[in-house]
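Written below as structure tokens is the structure these notes are about.
Note that these values count all heavy atoms, side chains included, but never hydrogens, waters or copies made by symmetry.
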Amino acid sequence: MEALPELYAIFQGEVATVTEYGAFIKIPGCRKQGLVHKTHMSSCRIDKPSEIVDVGDKVWVKLIGKEMKDDKLKLSLSMKVVNQGTGKDLDPNNVALDQDERKKRTFRDYTSQKITLEAVLNTVCKKCGCKGHFAKECFMQPGGTKYSLIPEEEEEEVTAAERERSKKSSSADDPSRKRKK
């Protein structure tokens, strides 16, 4: 097996081929090549990698990833974290690489989940008498339609039970409704 550079090692390689998605770099000391994706060529957006590098150019790269895919070792390289003049590491703690990885993670779709609002404004408007808002937020026009919050099922059952109790207590207290023997 050929001696591959360590992960996050910096070395100077030669551009073997340029494609629409990046450039393949020959790794010195072995027959392997690594890919510098166009997003890792510069900190600026690049549409055509051929505008940045040509076949045979010497470039400084950093080995940022090793991956086994279909029994082949795929090497990921980066030019943007290495000074192309001196070969100095511009990202010694690999912070920029971690940030790039976080950006690539897929966005989770939460639209199918229900959102329930727990807070309800427990107040009565002095202007219209409806629940759930203040008088300064009231849109009630004089003589217009009154709007109120729709009570939940539990609240409806409680209010119905209270009405029943009040009817029973009022009929028991009212002397004109007493039965005669």
Side-chain angles (χ1 to χ4, degrees), residues 1-123 131-134 136-139 147-155:
M1 180 106 185
E2 302 168 34
L4 290 172
E6 291 291 317
L7 194 61
Y8 304 120
I10 295 176
F11 54 90
Q12 192 173 27
E14 184 180 334
V15 177
T17 56
V18 180
T19 64
E20 62 190 40
Y21 53 85
F24 287 94
I25 311 295
K26 292 180 192 173
I27 297 173
C30 67
R31 293 181 293 145
K32 287 293 272 176
Q33 294 180 356
L35 173 68
V36 177
H37 193 266
K38 66 182 183 179
T39 58
H40 284 283
M41 286 188 161
S42 174
S43 54
C44 302
R45 182 185 165 99
I46 294 174
D47 292 324
K48 296 181 182 178
S50 59
E51 295 174 349
I52 304 295
V53 293
D54 289 319
V55 175
D57 286 353
K58 297 275 187 186
V59 292
W60 288 99
V61 291
K62 183 176 188 176
L63 181 61
I64 60 170
K66 294 180 182 182
E67 180 184 1
M68 283 298 288
K69 201 171 196 179
D70 301 328
D71 294 331
K72 289 185 178 181
L73 181 64
K74 301 209 175 208
L75 303 173
S76 300
L77 305 171
S78 178
M79 289 172 50
K80 74 178 179 181
V81 294
V82 182
N83 184 328
Q84 292 301 307
T86 62
K88 183 181 176 204
D89 193 355
L90 300 175
D91 187 23
N93 296 327
N94 305 314
V95 174
L97 295 174
D98 288 342
Q99 289 173 341
D100 286 346
E101 278 300 313
R102 284 192 197 114
K103 287 179 188 175
K104 289 180 190 175
R105 290 189 184 139
T106 57
F107 174 74
R108 284 185 163 178
D109 184 18
Y110 291 106
T111 55
S112 63
Q113 294 181 354
K114 271 189 164 183
I115 298 174
T116 56
L117 300 176
E118 298 294 328
V120 176
L121 190 58
N122 192 15
T123 183
K131 293 181 178 180
H133 65 275
F134 293 112
K136 66 179 180 180
E137 298 167 347
C138 186
F139 296 104
Y147 296 98
S148 64
L149 295 175
I150 299 172
E152 293 185 17
E153 293 175 15
E154 295 173 6
E155 291 177 7

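- Around NZ of Lys66, the count of heavy atoms belonging to other residues, nucleotides or ligands within 6.0 Å exceeds 12.
- For Asp57, there are no side chain to side chain donor-acceptor pair (under 3.5 Å) partners, not counting sequence neighbours.
- Residues passing the salt bridge (Lys or Arg N to Asp or Glu O under 4.0 Å) test with Asp71, sequence neighbours excluded: none.
- Although no hydrogens or angles enter the test, the distance criterion places no donor-acceptor pair under 3.5 Å between the side chain of Asp91 and the main chain of Val81.
- Looking at every heavy atom in both residues, Ile46 comes nearest to Met41 through CD1-CB, 3.5 Å.
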Side chain to side chain contact (heavy atoms under 4.5 Å, CB included) assessment of Asp89 paired with Tyr8: CA-CA 10 Å; Asp89 193 355; Tyr8 304 120; over 6 Å; no

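- Between atom NZ of residue Lys62 and atom CG of residue Leu77 there is a gap of 12.0 Å, rounded to the nearest 0.5 Å.
- Taking each heavy atom of Pro28 and Gly13 in turn, the nearest pair found is CD-CA, 4.4 Å.
- Pairing each heavy atom of Lys80 with each of Ser43, the nearest pair is CB-N, 3.9 Å.
- When the shell of 6.0 Å around CD of Glu20 is examined, it contains 12 or fewer heavy atoms from other residues, nucleotides or ligands.
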Step-by-step side chain to side chain contact (heavy atoms under 4.5 Å, CB included) determination, Phe11 to Val61: CA-CA 6 Å; Phe11 54 90; Val61 291; 3.5 Å; yes

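- Shown here for Val36 and His40, the closest heavy-atom pair between the two residues is CG1-O, 3.9 Å.
- Expressed to the nearest 0.5 Å, how far CG of Leu90 lies from CH2 of Trp60 amounts to 12.5 Å.
- Remark: Leu63 CG to Ser76 OG distance equals 8.0 Å, nearest 0.5 Å.
- The line from NZ of Lys74 to CD of Glu67 is 7.5 Å long, rounded to the nearest 0.5 Å.
- No donor-acceptor distance shorter than 3.5 angstrom exists from the side chain of Lys32 to the backbone of Leu75, with no hydrogens or angles considered.
- We find the CD1-CD1 distance between Ile64 and Ile10 to be 11.5 Å, quoted to the nearest 0.5 Å.
- Closest approach of Ala23 and Val53 over heavy atoms only: CB-CG2, 3.9 Å.
- Using modelled atom types, no side-chain atom of Gln12 and backbone atom of Gly87 make a donor-acceptor pair closer than 3.5 Å.
- Residues Pro49 and Lys38 come closest through the heavy atom pair CG-CB, 3.9 Å.
- When the side chain to side chain donor-acceptor pair (under 3.5 Å) test is applied to Thr39, the partners found at least two apart in sequence or on another chain are His37.
- Here CD of Glu14 is found 4.5 Å from NZ of Lys58. Values are rounded to the nearest 0.5 Å.
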